[in-house]
Amino acid sequence: MKEMAAQGKTTELSRQKNRGRRSAFLEYRIYRRKFLGTAAVVVLLSLLVFSGTLYFLLNIWVDDLRQQSGRVFAEREGRLEEIQKWALNYTNDMYGDVRLLEDVVALFRSRDMKEYLWVRRGNSLGSNAQIGYFPANIKKLVMDSRSQVTGVTLRDEDSLKAVWFENGDARLSFDFQDQEDVRIIGGLGDMVAATCSVRDPEHRGQTLGKMDFWIRCSDLYKGNIIAANWGILDGEGRLLVDAGLAAGIRMEHVPDALEESQSGWLDIGDGLPVFFVCHVSGKNGYVFLVEKDAWAVLADNFHIVLALMAAFVLVDIGVLTSSYMGIRADAVFLSTIMEMLSAMEGGDFDRISRSRLPVRHRKNEYGMIAVALKDVGMKLQGYIETEYILKLKEQESQMRALQHQIDPHFLYNTLEMLRSKALVHNDRDMADAIAMLGTLYRARMHRTDSITLQEEFGFLEMYLKIMELRFGGHFVYQVELDPKIGEIPTINFWLQPLAENFFTHGYVRESEINLLIVNGHRDGRGVRIDVLDNGKGADPGRLEEIRRNMMEGNDDPKADIGLRNVYMRLQYFYGDGFSMEVGNSKEGGFHISVFLPGLQAAAGKDIP
């Protein structure tokens with residue numbers, strides 16, 4: 001009774017440990033998958049909605065940049081229009097100054113400085129008044145900061161002259177062929193702000209050429225005008241002013257962008273796409289290009305992005321917490337059901353009767369199952385008390401009587417006496433055989449439910465040594481087991497019946513050598529045991545009968561221990577994955593091949 005009480009106490013402690021372990025709902029695969037699946041869906045949906053919201057806000061922010069750049073461009077276009085008015089007024093005033101106009105005509109008609117000076121000399125000799133000098137006169141326009149004009153070029157079909165100022169002094173040059181040559185002059189400017197035609201004073205219907213008024217783009221677009229990278233390009237795509245533009249966008253992309261649209265996203269292969277806005281001037285065809293990559297746009301609005309991210313994280317936490325609480329409540333109830341099943345399995349029906357089911361779950365599926373289990377437990381308790389316990393006591397009495405009838409110590413003492421006499425007569429072989437027989441008998445009589453493969457192979461080798469003594473020099477055996485699989489658990493006493501099968505059906509007395517080989521090795525994720533002999537084997541008809549009896553034969557416990565007994569015990573122990581095949585080897589003897597799966601039913605772990 002004390003032993004039973006101690007065993008009951010140990011069982012109860014084990015149940016309490018299991019109950020604590022099962023309270024963690026993530027250990028249940030169904031709830032773990034449900035919670036992780038919910039978390040994955042929530043996170044995925046959050047990411048999709050967050051990405052969509054961020055995309056919407058990003059378009060709003062770049063639209064603000066587009067509008068801001070449009071306002072800046074409109075202001076500069078207005079300023080450019082004022083400069084053009086200044087240029088037009090200057091040209092009109094020039095027609096009212098006969099001496100100045102005379103000098104302008106001389107500039108247009110002269111091909112070099114020498115010819116120009118010769119014409120001016122003639123004009124001076126033919127007039128009593130002071131002649132005009134266009135480069136000096138244009139200085140009034142250049143020095144007026146309101147005009148922002150930095151130089152003037154005069155061009156006709158045959159020549160191009162330039163007037164500019166350096167350190168306040170006028171410079172005049174005839175050494176140019178086209179406007180590309182003029183651009184090398186640092187003080188002239190880089191953009192033509194206005195162009196006016198100059199009419200011939202003697203023939204008003206004809207023009208002498210055109211007069212271009214130059215400015216610097218940096219004067220027109222100066223200061224921190226917009227929170228983005230920007231630049232000014234002429235009509236041919238040359239960069240005139242660079243305010244970080246070259247660092248953010250490669251110039252070879254600009255022509256394609258201008259052909260497609262005036263704004264949009266441009267992928268330049270350096271990370272996130274770049275948003276650009278192009279404004280083309282209607283005054284002189286220059287381009288005001290603004291660009292800003294997505295990272296910079298997000299960085300400028302970092303506080304909004306951070307707040308949006310925090311909002312989505314809080315929503316996700318709330319949803320997952322709610323899901324966690326609901327799933328955990330179901331898991332706790334399932335743990336109660338599992339405890340009831342555990343109590344029923346252990347025969348502790350009193351604990352089932354004391355179980356208290358949560359009221360709020362009694363009407364759901366778990367509650368219905370729990371109530372049904374409780375009813376079944378109560379009925380089983382009554383049945384066991386009246387039937388099972390009585391039969392158990394009766395069986396226990398029969399076992400004790402049987403144990404008293406067979407006293408194994410009598411056999412052990414007898415074997416030890418025979419061994420002693422064999423030693424007295426100096427018969428070592430007989431003494432060893434008797435010792436091994438006693439050891440083998442003790443192991444089989446006191447066997448546990450399972451032993452290791454190494455122990456089973458050891459018992460087999462004891463048996464084969466005894467048979468080797470029995471048959472003298474006509475029997476040879478070879479037993480090999482891979483040491484790495486020696487600790488794999490298996491059932492007791494299944495290799496010896498396979499060896500006995502050899503001595504019953506495969507041993508040939510007329511043969512000089514009867515060989516039996518038993519080999520155990522790893523095979524993939526399992527263990528392969530091969531039992532081979534060099535006997536006469538079995539003919540096809542007999543072989544088919546052996547296979548059929550092994551898998552479908554009689555399970556009568558009174559029958560001799562044979563292949564059917566071994567097959568059934570191994571199949572019960574290992575379950576799915578186990579296989580046992582019989583046949584003839586290539587050398588002609590009988591061959592039994594047994595595959596034991598790596599995942600052991602008893603050990604619950606893979607082969608190391």
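A donor and an acceptor atom, one from each side chain of Lys210 and Ser197, are located under 3.5 Å apart. Side chain to side chain, Thr38 and Tyr324 fail the donor-acceptor criterion of an N or O pair below 3.5 Å. Side-chain polar atoms of Trp164 and Thr150 form no donor-acceptor pair below 3.5 angstrom.
In this structure Phe578 satisfies the ring-ring contact (aromatic ring centres under 6.0 Å, His included) test together with Tyr567, sequence neighbours excluded. Among residues two or more places apart in sequence or in another chain, the ring-ring contact (aromatic ring centres under 6.0 Å, His included) test is passed with Phe312 by Phe50. For Asp523, the side chain to side chain donor-acceptor pair (under 3.5 Å) partners two or more places apart in sequence, or in a different chain, are Arg528. With sequence neighbours excluded, no residue forms a salt bridge (Lys or Arg N to Asp or Glu O under 4.0 Å) with Glu115.
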*Go through the steps to decide whether Leu154 and Val198 satisfy the test side-chain contact (heavy atoms from CB on, under 4.5 Å), and finish with yes or no.*
CA-CA 9 Å; Leu154 294 89; Val198 179; 5.8 Å; no
*Please report the C-alpha distance between Gln67 and Asp63 in whole Å, then the side-chain angles of each, then the deciding distance to 0.1 Å, and finally whether the side chain to side chain donor-acceptor pair (under 3.5 Å) criterion is met.*
CA-CA 6 Å; Gln67 295 179 13; Asp63 188 61; 2.9 Å; yes
*asked:* Checking Gln148 against Asp219 for the side chain to side chain donor-acceptor pair (under 3.5 Å) test, could you report, in this order, the C-alpha distance in whole Å, the side-chain angles of both residues, the deciding distance, and whether it holds?
replied: CA-CA 7 Å; Gln148 291 186 334; Asp219 293 337; over 6 Å; no
*Would you please test Val527 and Leu453 for side-chain contact (heavy atoms from CB on, under 4.5 Å) and show each step?*
CA-CA 10 Å; Val527 175; Leu453 275 176; 4.1 Å; yes
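Considering all non-hydrogen atoms of both residues, Tyr116 and Ser110 come closest at CA-OG, 3.2 Å. Closest of all the heavy-atom pairs between Thr91 and Phe213 is OG1-CZ, 3.8 Å. Nearest heavy-atom pair across Gly189 and Arg216 is CA-CG, 4.1 Å. Nearest approach of Cys217 to Met191, heavy atoms of both residues: SG-CE, 2.7 Å.
Arg525 places no side-chain N or O within 3.5 Å of a backbone atom of Arg522 that could act as its donor or acceptor partner. The backbone N or O of Leu65 sits less than 3.5 Å from a side-chain atom of Ser69, completing a donor-acceptor pair. Under a 3.5 Å cut-off, the side chain of Asp482 and the backbone N or O of Ile485 do not form any donor-acceptor pair. Under a 3.5 Å cut-off, the side chain of Asp169 and the backbone N or O of Phe165 do not form any donor-acceptor pair.
Taking CD1 from Ile304 and CH2 from Trp61, the interatomic distance works out to 5.0 Å, rounded to the nearest 0.5 Å. The distance from the CE atom of Met113 to the CG atom of Asp175 is 8.5 Å, given to the nearest 0.5 Å. Rounding to the nearest 0.5 Å gives a distance of 9.5 Å between CG of Leu101 and CZ of Arg199. Note that CZ of Arg71 is 8.5 Å distant from CD1 of Ile226, once rounded to the nearest 0.5 Å. The distance from the CZ atom of Phe276 to the CZ atom of Arg66 is 10.0 Å, given to the nearest 0.5 Å.
The stretch residues 116-128 participates, sequence neighbours left out, in these salt bridge (charged side-chain N to carboxylate O under 4.0 Å, His left out) pairs: Asp103-Arg120. Among residues at least two apart or in separate chains, ring pair (Phe, Tyr, Trp, His ring centres under 6.0 Å) pairs with a member in residues 63-100 are Phe73-His279.
For Gln454, the CD atom sits in a loose shell: 12 or fewer heavy atoms of surrounding residues, nucleotides or ligands are nearer than 6.0 Å. Around atom CG of Asp576, no more than 12 heavy atoms belonging to other residues, nucleotides or ligands sit under 6.0 Å away.
A cation-pi contact links Arg76 to Tyr221, judged by a cut-off of 6.0 Å to the six-membered ring centre and 45° from its axis.
Each of Leu220, Asp190, Val287, Val241 was checked for a side-chain contact (heavy atoms from CB on, under 4.5 Å) with Ile232, and the lone residue meeting it is Val241. Checking Asp156, Asp200, Asp158 one by one against Arg109, the side-chain hydrogen bond (donor to acceptor under 3.5 Å, both in side chains) holds for a single residue, Asp200.
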